[in-house]
Amino acid sequence: MSGTFVGMPAFPAAAHGAVADRTLRANLRHATHTIRDKRARAVTELDDWAELREAGKQIKDHTLRHLDTYLVQLEEAVVRAGGTVHWAVDADEANSLVTRLVQETGEREVVKVKSMATQEIGLNEALEEAGIRAYETDLAELIVQLGKDRPSHILVPAIHRNRGEIRDIFEHEMASWGRPAPEALADSPAELAEAARLHLREKFLRAKVGISGANFMVAETGTLVILESEGNGRMCLTLPETLISVVGIEKIVPTWRDLEVFLQTLPRSSTAERMNPYTSTWTGTSDSDGPRTFHLVLLDNGRTDTLADEVGRQALRCIRCSACLNVCPVYERAGGHAYGSVYPGPIGAILSPQLRGMGSEIDRSLPYASSLCGACYEVCPVAIDIPEVLVHLRERVAEGGEVVRNGARITVRPAKGHAAERAAMRATAWAFGRPGILRTGQRLASRTRRLHPRKLPGPGKAWGASRDLPEVPQESFRDWWARTDGGKGEVK
Amino acid sequence: MNSRERVLARVRRAVGDASDSASSSYAQDVPRDYHEQHGARTAAETADLLAENLAEYRALVHRAQEADLPALIARLLAERDADSVLAPAGLPREWLSGVAARLVEDSPDSTPHELDEVTAVVTGCALAVAETGTLVLDGSPDQGRRRITLIPDHHICVVRVPEQLVSSVPQALPRLDPGRPLTWISGPSATSDIELDRVEGVHGPRTLQVILVE
């Protein structure tokens, strides 16, 4: 993935700071609770939600099982419709491909539709290095770009900012990127949206190159699909002469008909609308309507490695709706930045460590950034069992084992710091298998209970930092059972 | 090995040898137990539902008989002081017979800056979806290029009911040609990017008026 987040502290350290930020917590709480209730209403309206969810899950699973077939089919269809298809194994290859394609147009600036894939590979930074300016046109992405900030939510990257902060960013930063903010800008969402409209319009009207991702690619027809709200997507997809779309290989659906499932589940899960304001579909190029040149860059960047894991691969079903973020008690308190990735929240906790591998401290800590409450699984429109994958990845962190990295099968060693936990678990297993020793140990613990510390010392200190030790009862269950004959002799 | 072959080889290693072919297992793998539409409605009720859902997302809905269409379009444009109106080549000219504003043709040569000077646009549509309050444009002669319904700030869209009306998304897709560039429109441009609070009107037309013609 991109270098944007290199050097991030592990989740607990990053979350610690975020939880102490009262403004951030208030912003997140307000936003996630608003959308949470609306989503529930939008979903309840459809009495066949469970069936739509199951169909979505099965379409994606089927596609992943036959991904090679569908990729080739998609490529043929896009080429037949007048597009050019490129393949990128990793972020670097995708970035240099796109940079070269922009350079070939002779342009020095591009307009961008919000896209997770281009965030993931750090495309803007790569273009910047080549002297090409990339303008983000989604309102929230604009706020993040102007504020020299990082995205903290999949759908609403500036969810951590409130209207007052956004007003200040517009007032201070718009002028150095183009048209300045209007005089005496107020902080109502309507006025802020108007300021963005005026600021971006001149960029849309002169743009010669547009860059996008895609929500779906239809293998049988070669059609790409983008769902959006503001119209910035339509601007970028129709006004420029050249369109470059960077899309993860898992975004394929086999047939045109399959869209009938996702066009019902995605808007309701995402913005809690029956339908988002604008959806664009295009197949290659069209005569005198829209871009005359269309490039599709198919991106791997860790996806085939994820696909090799039979439990973890379900994360590739994700349609980036962000419903799991909005219901997550951990996300609500820690915020998106603590996850150290463009994919925050529950889905990020299982996607980032799989796409990037578990080489860094942040990626090894992400599977633990959850209370396993299961709310994310419940709202997921493609039924990704996020708790199952979290536990699976925790096992890999603690135990090590075989994984695929960059296409090669390797064995990872257990992460450091889990040795004490493993030793404790082994000792527990040994004691539970020996009743006499367990009894002696429990009695000893009861008699010395006044001497017990409230926190674990030594190697257990880090593990116990966020956990309170349970109080040891006066009498063990086994002793109580023996003394009272299973409760029959209990004095009432 | 080039990148294409490398990615495909990695996919094949990751999923193992699929014992079945994609085309033969597709129908069996994908259960479609969901509804083709939600609830049963008469044609009139379907039109009412479309109107209701469009209005909920702040589109302005009008009902008219074909004969009254020119007067209605002229009035809607005048009320918003439209001084120029884009008209796709295939739009029935009699619809615009009462319009006082200057007519601008949809031409491949016009620049985005020129389109930005135009106040309004009048189009037909390919179809409308009642359950979601959606209009679908497919670039047919009465709808024009995608950009003409994007840059002007005021869009008037005419829907013929019941011919162009379907109940649901599953009914809409088979009637659309994926080879044409499609634009699905559900209310005017909007954003929820500030505190997840919905605000109408960002880059697309801020006023969307829909005329249901019976």
Side-chain angles (χ1 to χ4, degrees), chain A residues 30-31 34-35 46 48 51-52 54-55 58-59 62 65-69 87-89 93 139-140 156 162-163 166 189-190 192-193 197 205 221 223 229-232 234-235 238-239 254 256-257 259-260 263-264 271 274-275 277-283 286 288-290 300 304 307-308 407, chain B residues 2-4 6-15 18 21-22 25-26 29-35 38 53 57 108 112-113 116 131-134 139 145-147 150 169-170 173-174 178-197 199 201-204:
Chain A
H30 171 68
T34 307
I35 193 73
L46 299 185
D48 58 345
E51 288 78 14
L52 285 165
E54 180 63 18
Q58 297 300 344
I59 290 168
H62 167 87
R65 250 192 333 274
H66 300 283
L67 191 57
D68 52 336
T69 307
W87 301 66
V89 169
E93 186 174 10
L139 178 51
V156 195
N162 62 35
R163 58 188 73 190
I166 294 167
L192 295 171
R197 176 187 172 95
L205 296 181
T221 59
T223 308
S229 298
E230 295 167 13
N232 64 307
R234 292 179 65 194
M235 291 276 183
T238 53
L239 298 186
W256 178 246
R257 186 188 176 185
L259 294 175
E260 73 187 20
L263 288 180
Q264 294 191 77
T271 49
R274 292 189 189 98
M275 190 64 88
Y278 298 132
T279 296
S280 297
T281 76
W282 71 99
T283 305
S286 312
S288 75
D289 185 356
D300 181 342
T304 51
L307 187 63
Chain B
N2 63 27
S3 297
R4 177 183 188 276
R6 188 167 294 147
V7 172
L8 288 172
R10 285 181 182 183
V11 169
R12 286 173 190 134
R13 264 204 307 281
V15 295
S21 79
S25 59
Y26 171 76
D29 284 353
V30 180
R32 295 191 193 269
D33 301 327
Y34 50 87
H35 305 321
H38 295 89
N53 285 336
Y57 288 140
H113 284 99
D116 197 34
E131 284 185 7
T132 56
T134 303
R145 293 176 180 77
R146 287 173 286 175
R147 58 188 193 165
L150 175 62
V169 174
L173 285 161
R180 306 184 74 97
L182 303 180
T183 306
W184 298 50
I185 299 173
S186 308
S189 154
T191 183
S192 303
D193 278 357
I194 300 166
E195 300 177 8
L196 281 173
D197 201 5
V199 183
V202 198
H203 305 296

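In what follows, every chain begins at residue 1, and chains take the letters A, B, ... in the order their sequences are listed. It should be emphasised that the depicted structure is a prediction, and the values quoted were computed from it without experimental measurement.
Applying the ring-ring contact (aromatic ring centres under 6.0 Å, His included) test to H35(B) and every residue at least two apart in sequence or in another chain returns H38(B).
Here the CZ-CZ distance, from R32(B) to R257(A), works out to 4.5 Å after rounding to the nearest 0.5 Å. Atoms OG1 and CZ, from T238(A) and R145(B) in turn, are 12.0 Å apart once rounded to the nearest 0.5 Å.
Residues I194(B) and L139(A) are in side-chain contact: their nearest non-hydrogen atoms beyond the backbone lie under 4.5 Å apart. Using a 4.5 Å heavy-atom cutoff, the side chains of R234(A) and I185(B) are in contact. Residues Q58(A) and D29(B) have side chains not in contact (no heavy-atom distance under 4.5 Å, counting atoms from C-beta outward). A 4.5 Å side-chain heavy-atom check between L8(B) and W87(A) finds at least one atom pair inside the cut-off.
Of all heavy-atom pairs between S21(B) and H66(A), the closest is C-CE1, 3.9 Å. Residues V15(B) and R65(A) come closest through the heavy atom pair CG2-O, 3.7 Å. Residue T281(A) comes nearest to W184(B) through the heavy atom pair CG2-NE1, 4.3 Å, listed as atom of the first residue, atom of the second, then distance. Here the closest heavy-atom approach between residue G201(B) and residue A193(A) is recorded as O-CB, 4.2 Å. Minimum heavy-atom separation, R147(B) to L239(A): CB-CD2, 3.7 Å. Heavy atoms only, all atoms of each residue included: S189(B) and Y278(A) are closest at N-OH, 3.3 Å.
Checked by atom type, the side-chain pair Q264(A)/Y34(B) shows no donor-acceptor distance below 3.5 Å. R274(A) and S186(B) share no side-chain donor-acceptor pair at under 3.5 Å.
Heavy atoms closer than 4.5 Å to chain A are found in the side chain of T134(B), but not in its backbone. Of the two parts of V11(B), the backbone and the side chain both hold a non-hydrogen atom closer than 4.5 Å to a non-hydrogen atom of chain A. Both the backbone and the side chain of Y26(B) come within less than 4.5 Å of a heavy atom of chain A. Using a 4.5 Å cut-off between heavy atoms, D116(B) contacts chain A through its side chain alone, with no backbone atom that close. Contact annotation for P170(B): both backbone and side-chain heavy atoms come within less than 4.5 Å of a heavy atom of chain A. Using a 4.5 Å cut-off between heavy atoms, P189(A) touches chain B through backbone and side chain atoms alike.
Ranked by heavy-atom pairs shorter than 4.5 Å toward chain A, the options A14(B), A22(B), A9(B) are led by A22(B). Interface summary for chain A: among N2(B), N53(B), L182(B), V30(B), the most heavy-atom pairs under 4.5 angstrom belong to L182(B). Between chain B and the options T69(A), L52(A), I166(A), the largest number of non-hydrogen pairs under 4.5 Å is found for L52(A). Contact tally against chain B (heavy-atom pairs below 4.5 Å) for T271(A), I59(A), T34(A): the top residue is I59(A). Counting heavy-atom pairs under 4.5 Å between each of E93(A), E51(A), M275(A), H62(A) and chain B puts H62(A) at the top. Note on V199(B), L173(B), V169(B): by heavy-atom pairs under 4.5 Å with chain A, the leading option is L173(B). When each of G179(B), P112(B), G133(B) is checked for heavy-atom pairs under 4.5 Å with chain A, P112(B) comes out on top. Most heavy-atom pairs under 4.5 Å with chain B, from the set T221(A), V156(A), L67(A): that is V156(A). Among S280(A), S288(A), G231(A), A55(A), the residue with the largest count of heavy-atom pairs under 4.5 Å with chain B is S288(A).
Salt bridge absent: R6(B) and D300(A) never bring a charged side-chain N and a carboxylate O closer than 4.0 Å.
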query: Under the side-chain contact (heavy atoms from CB on, under 4.5 Å) criterion, do D48(A) and D33(B) qualify, and how do the steps go?
result: CA-CA 8 Å; D48(A) 58 345; D33(B) 301 327; over 6 Å; no
- request: Check the pair T191(B), E230(A) against side-chain contact (heavy atoms from CB on, under 4.5 Å), reporting the backbone distance first and the verdict last.
  value: CA-CA 6 Å; T191(B) 183; E230(A) 295 167 13; 2.9 Å; yes
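Checked by atom type and distance alone, the side chain of E195(B) never pairs as donor or acceptor with a backbone atom of H30(A) at under 3.5 Å. The backbone N or O of P178(B) sits less than 3.5 Å from a side-chain atom of T283(A), completing a donor-acceptor pair.
Residue D68(A) forms a salt bridge (charged side-chain N to carboxylate O under 4.0 Å, His left out) with just one option from R4(B), R12(B), R10(B), and that option is R12(B).
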